Amino acid sequence: MGLPRKYGGLTNLRFDDTNPSKEETEYVESIKTDVRWLGFDWGDREFYASDYFDKLYEFAVKLIKAGKAYVDDQDSETISSQKGTPTRAGIESPSRNRSVEENLDLFNRMREGEFDEGSHVLRAKIDMTSPNMHMRDPIIYRIMKAHHHRTGDKWCVYPMYDFAHGQSDYWEGITHSVCTLEFEVHRPLYDWFIEQLRDGDYRPRQIEFARLNLSYTVMSKRKLLQLVKENYVNGWDDPRMPTISGLRRRGYTPASIRNFSDRIGVTKVDGMIDVALLEHSVREDLNKNAQRVMGVLNPLKVVITNYPEGQVEELDAVNNPENPDAGKRKVPFTKEIYIERDDFMEDPPRKFFRLAPGREVRLRYAYFVTCTDVIKDEKGEITELHCTYDPASKGGNSPDGRKVKATLHWVSATENVKAEVRLYDRLFNDENPDGHKDVDFKEFLNPDSLKVLPECFIEPFVKDAKPMDSFQFERLGYFNLDPDSKDDKLVFNRTATLRDAWSKMKNK
RNA sequence: UGACCCAUGGUGUAAUUGGCAACACGUCUGAUUUUGGUUCAGAAGAGUCCAGGUUCGAGCCCUGGUGGGUCAACCA
C-alpha cells in the first residue's frame, strides 16, 4: 500500500481465496479492518480470486485443448514420488499423454462431481526434468467438495494459488505484483501461465521482497495460530501479538507503524529488524501526541505532616510540554498522596537523585517536600513516609531559587481514580533473539509477558478517557486505555516504556 | 550435491545506474529541562563477504569462490 502511495499508483486488495477449506469470512473482515485502520483506502478495488473461477476454468480448458494440461488419476503419493527431488529429475506420469478429448471429458466430469476428492487432478504439462520443482507438471485444479465462503456450492473443483495468482493479476491489469521472497521460485511458473494467457504486449510482473522478521518476535502465521489456539495469548489481538490488531490494542498508532515501515524499506535481504526500531517509532509519535497524566503503579503513601487536614488544592498541570495547544488541566493535591515505591530509597546509592530520608525533591506541579520520617511495620517493610512541604514552593518553584535534583510524579490518596494496569512484555525471553527460527518456541516463552497490577492510582483526569486514548504516565511509559475497559474498571495497557537512564545505570 | 535469490558500520536502508560510501535506529559524550523523558550539539563505529578481471576510476560491470536464504503441500 505504501509503494503506490510513493510512486503514484493504486493498490488492489485481493483475497486469493482458492482453497475453500482455509478461507473464513472472519479473516477477510479482519484484514480489511486492519488495512483501513492503518490509513489505506483501496476504493472499489476489492477483489477475490473466486471472482475469476469461471474464467480460470475456461483458461484451464483452453490449456487442455492446446495439449498443455492433462488429468492425472494417480493418488497424491504417487504423483509426489514421481516429482523427484531438487537434485534428481522427476518422471512422467502415465496419464501425461492422454488425448485432448479424454482430458476434456475427465475434467468436465471432475467439475460435475463425478469423482471423489483426491482421485483426479488437473496438471499443467511443462517439464518433469526441470531443475525448478514448481515446473514439474504442477497441479492446477483439485477436487474439493467443500462450501466456499463466496461461491457457495457452485464448484467442487478449485484452482491452486499458482494457477490463479498471475491470471488474476493479468485480468486486473496489475503492473507490479509484489509478494514475499518465498515465491521467488514460483515466478517461472507465474510467467509460464501468463505466456499462455496473454494477448498483446502487456504482462504483469511478480516482484519479491523480504518479509518482516523482528528480533525476539515470532512472526510465523503457523506459530501465531498455535499461540492463539493453545491459549498462550488471548486471541489474535492480544496486545503481545505482533499482529496489526495486537499492536492496535496495545496502543500503537497507525502513523507509527507506517513510519516504521518506511524506515525499514522494501528490499530482498532476508534480515532481522531490531524491535528497538519499532519501539522508537511509537515513542516518537506518542511523545508528540500523548496526553501526559500522573499515575502511580506501585504506591507508597506519603503524609505531608504540615499540610492542612481536609484541604484540596487544584493545581495547574500542562497536558503536553511539547505542545502548548494541548492545554492545561487541574490536579487535586491533598495531605495524603501516593508516590511510586521506586522513587524512594532508604539507603540511596550515590547516583540516586530521588526521595530519601532528609532529602528534598519536587512533586511535579505541586511543592517541594522533604522526607522526615520512614514508617515501617513489624516486618520492617516501609508502609508510609512522612514529609513536610514548603508552602512557598507552590507550583514547583522555590522563591529563594534553591534547586532539587528530582521531580516526582504523584497522585492524591483520596482524589484519584483506581485502575488496572497491564504491563505487557515480550512473549519470548532473551535466549530467543531469532524468534522466526524454526525452534520449539514453547521453551522460550517469557512467564512475565503479562503482569497485571490490579490497584493503581491515576489522577482523576483519566475519567474522561475514551478507549484507545494514549497517555504518558510521567516517567513510567506510554499507556492506552484498553478497548474492553468498562467505566467501573479502567484498564490500561502499557504501549511502550520510556528510555530509562536510571535503570540502565542500576544495571551497571 | 541441482535451481533460484541475497551479501554495504552493531541493526535497517541509501549511494543521481561507473565518480570523495550517506541516512535512520542503537551506542557514547556534553548542554537544556518541573519527566533520569523530550529537545539540541557532538563523537566513535564500515572502506562495501573473499580472490581475480575490465576501467583513468568499481559498492555498482565480468569471472570464480565463500556465507546465508528459498524450493520436493491436491496450502497460500
Side-chain angles (χ1 to χ4, degrees), chain A residues 15-19 21-23 49 72 75-77 79-90 117-123 130-136 138-144 157-158 160-162 164-165 179-188 208 210 215 221-222 259-260 262-281 283-284 287-288 292 294 317-318 320-322 351-354 361-366 368 393 395-397 403-409 472-478 497-506:
Chain A
F15 295 91
D16 282 321
D17 53 353
T18 53
N19 185 344
S21 68
K22 279 205 171 185
E23 291 303 324
D72 201 333
D75 61 52
S76 75
E77 276 142 44
I79 291 176
S80 157
S81 69
Q82 289 168 350
K83 273 213 164 162
T85 69
T87 54
R88 201 174 320 137
E117 282 187 17
S119 65
H120 293 68
V121 289
L122 185 70
R123 301 176 70 180
S130 168
N132 184 334
M133 298 292 291
H134 296 276
M135 300 298 274
R136 323 243 259 229
I139 290 166
I140 59 183
Y141 261 93
R142 77 293 214 187
I143 299 169
M144 293 186 100
V157 288
Y158 290 94
M160 299 290 287
Y161 161 85
D162 279 326
H165 191 70
C179 66
T180 45
L181 241 33
E182 61 271 26
F183 291 102
E184 262 171 343
V185 279
H186 294 236
R187 193 175 351 116
E208 309 84 11
S215 57
K221 247 186 286 178
R222 201 193 84 234
N259 290 341
F260 169 70
D262 288 343
R263 267 187 262 256
I264 63 180
V266 180
T267 66
K268 303 189 84 146
V269 188
D270 188 23
M272 170 78 64
I273 282 127
D274 196 332
V275 275
L277 192 57
L278 213 212
E279 284 165 2
H280 167 263
S281 302
R283 283 200 210 100
E284 178 185 56
N287 187 58
K288 252 181 278 173
R292 308 301 151 94
M294 291 194 286
V318 298
N320 186 325
E322 257 117 285
K351 294 271 191 171
F352 185 82
F353 303 144
R354 282 114 100 164
V361 296
R362 170 168 42 228
L363 295 175
R364 189 152 211 222
Y365 304 124
F368 282 14
S393 64
N397 282 308
K403 302 267 188 208
V404 288
K405 278 198 133 180
T407 301
L408 267 44
H409 58 268
Q472 188 195 102
F473 292 177
E474 306 265 346
R475 206 199 255 139
L476 296 172
Y478 302 98
T497 53
L498 253 31
R499 296 158 120 214
D500 186 358
W502 164 240
S503 72
K504 213 185 287 176
M505 194 150 54
K506 266 194 302 196

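All figures in this text were calculated on a predicted structure; none of them were measured in a lab. Chain letters run A, B, ... following the sequence lines, proteins first and then strands; every chain starts at 1.
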Straight-line distance of A/Phe183 CZ to A/Asp162 CG, nearest 0.5 Å: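 Atom-to-atom, A/Phe183:CZ and A/Asp162:CG are 7.5 Å apart.
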
Atom CZ of A/Phe368 and atom NZ of A/Lys403: how far apart are they, to the nearest 0.5 Å?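 NZ of A/Lys403 is found 8.5 Å from CZ of A/Phe368.
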
How far does the [atom1] atom of [N] sit from the matching atom of [M], given to the nearest Å?
N      : M      : atom1 : value
B/rU13 : B/rG65 : P     : 27 Å
B/rU55 : B/rC40 : C1'   : 46 Å
B/rG69 : B/rA31 : P     : 47 Å
B/rA15 : B/rU1  : P     : 40 Å
B/rA24 : B/rU8  : C1'   : 15 Å
B/rC49 : B/rC60 : C1'   : 16 Å
B/rA51 : B/rA41 : C1'   : 44 Å
B/rU32 : B/rU16 : C1'   : 39 Å

With sequence neighbours left out, what residues match A/Thr87 under side chain to side chain contact (heavy atoms under 4.5 Å, CB included)?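 Scan of A/Thr87 (side chain to side chain contact (heavy atoms under 4.5 Å, CB included), adjacent residues dropped) gives A/Thr85.
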
When only distance counts, do a donor and an acceptor, one from the side chain of A/Glu279 and one from the base of B/rG26, lie under 3.5 Å apart?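 Check fails, no donor-acceptor contact within cut-off.
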
Which word best sums up how the rings of A/His134 and A/His186 line up, parallel for under 30°, tilted for 30 to 60°, or perpendicular for over 60°?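 Rings of A/His134 and A/His186: tilted, 30 to 60°.
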
Does A/His409 have any ring pair (Phe, Tyr, Trp, His ring centres under 6.0 Å) partners at least two apart in sequence or in another chain, and if so, which?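 With neighbours one apart ignored, the set is empty.
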
Which pairs, protein N/O on one side and nucleotides 63-65 of chain B N/O on the other, fall under 3.5 Å?
none

Nucleotide [N], atom [atom2] - distance to [atom1] of [X] in whole Å:
X        : N      : atom1 : atom2 : value
A/Asn19  : B/rA73 : CG    : C1'   : 10 Å
A/Phe183 : B/rA76 : CZ    : P     : 9 Å
A/Met272 : B/rG68 : CE    : C1'   : 12 Å
A/Asp270 : B/rG69 : CG    : C1'   : 5 Å
A/Asn132 : B/rU70 : CG    : C1'   : 11 Å
A/Tyr161 : B/rC75 : OH    : P     : 15 Å

A/Arg187 or A/Ser80: which one's nearest nucleotide on RNA chain B is closer to the 5' end?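 Nearest-nucleotide comparison on RNA chain B picks A/Arg187.
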
Taking for each residue the nucleotide of RNA chain B bearing the nearest heavy atom, is the 5' side occupied by A/His134 or by A/Ile143?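 With A/His134 and A/Ile143 compared, the 5'-side residue is A/His134.
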
Electrostatic pair A/Glu208:A/Lys268 at N-O distance under 4.0 angstrom: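 Looking at A/Lys268 together with A/Glu208, the answer is yes, because their closest N to O distance falls below 4.0 Å.
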
Which of these nucleotides, B/rA24, B/rA3, B/rA72, is closest to any side-chain atom of A/Val185?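 Of the options given, the side chain of A/Val185 lies nearest B/rA3.
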
Non-neighbouring partners of A/Arg88 that pass salt bridge (charged side-chain N to carboxylate O under 4.0 Å, His left out), sequence neighbours left out: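 With neighbours one apart ignored, the set is empty.
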
Under the salt bridge (charged side-chain N to carboxylate O under 4.0 Å, His left out) test, which residues partner A/Arg283, sequence neighbours left out?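 Here no residue qualifies.
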
Can you tell me whether the base of B/rU32 sits syn or anti, using the 90° cut around 0 to define syn?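 B/rU32: anti glycosidic orientation.
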
Would you indicate, yes or no, if [N] has its OP1 or OP2 atom less than 4.0 angstrom from a side-chain nitrogen or oxygen of [X]?
X        : N      : result
A/Arg499 : B/rG26 : yes
A/Arg142 : B/rC75 : yes
A/Thr87  : B/rA3  : no

State, to 0.1 Å, how close A/Leu277 and A/Ser281 come at their nearest heavy-atom pair, and which atoms those are.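 Heavy atoms of A/Leu277 and A/Ser281 come nearest at O-OG, 2.9 Å.
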
Considering every strand and a 4.0 Å limit on heavy-atom distances, what is the contact class for A/His409: base, sugar-phosphate, or nothing?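 No contact.
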
For A/Val275, does its backbone N or O pair with a side-chain atom of A/Ser215 as donor and acceptor, under 3.5 Å?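 Looks like yes, one N/O pair under 3.5 Å.
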
Please map the stems of RNA chain B, keeping only stretches of three or more Watson-Crick or G-U wobble pairs with both distances under 3.5 angstrom.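 If one scans RNA chain B for consecutive Watson-Crick or G-U pairs, the stems found are B:2-7 with B:66-71, B:10-13 with B:22-25, B:27-31 with B:39-43, B:49-53 with B:61-65.
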
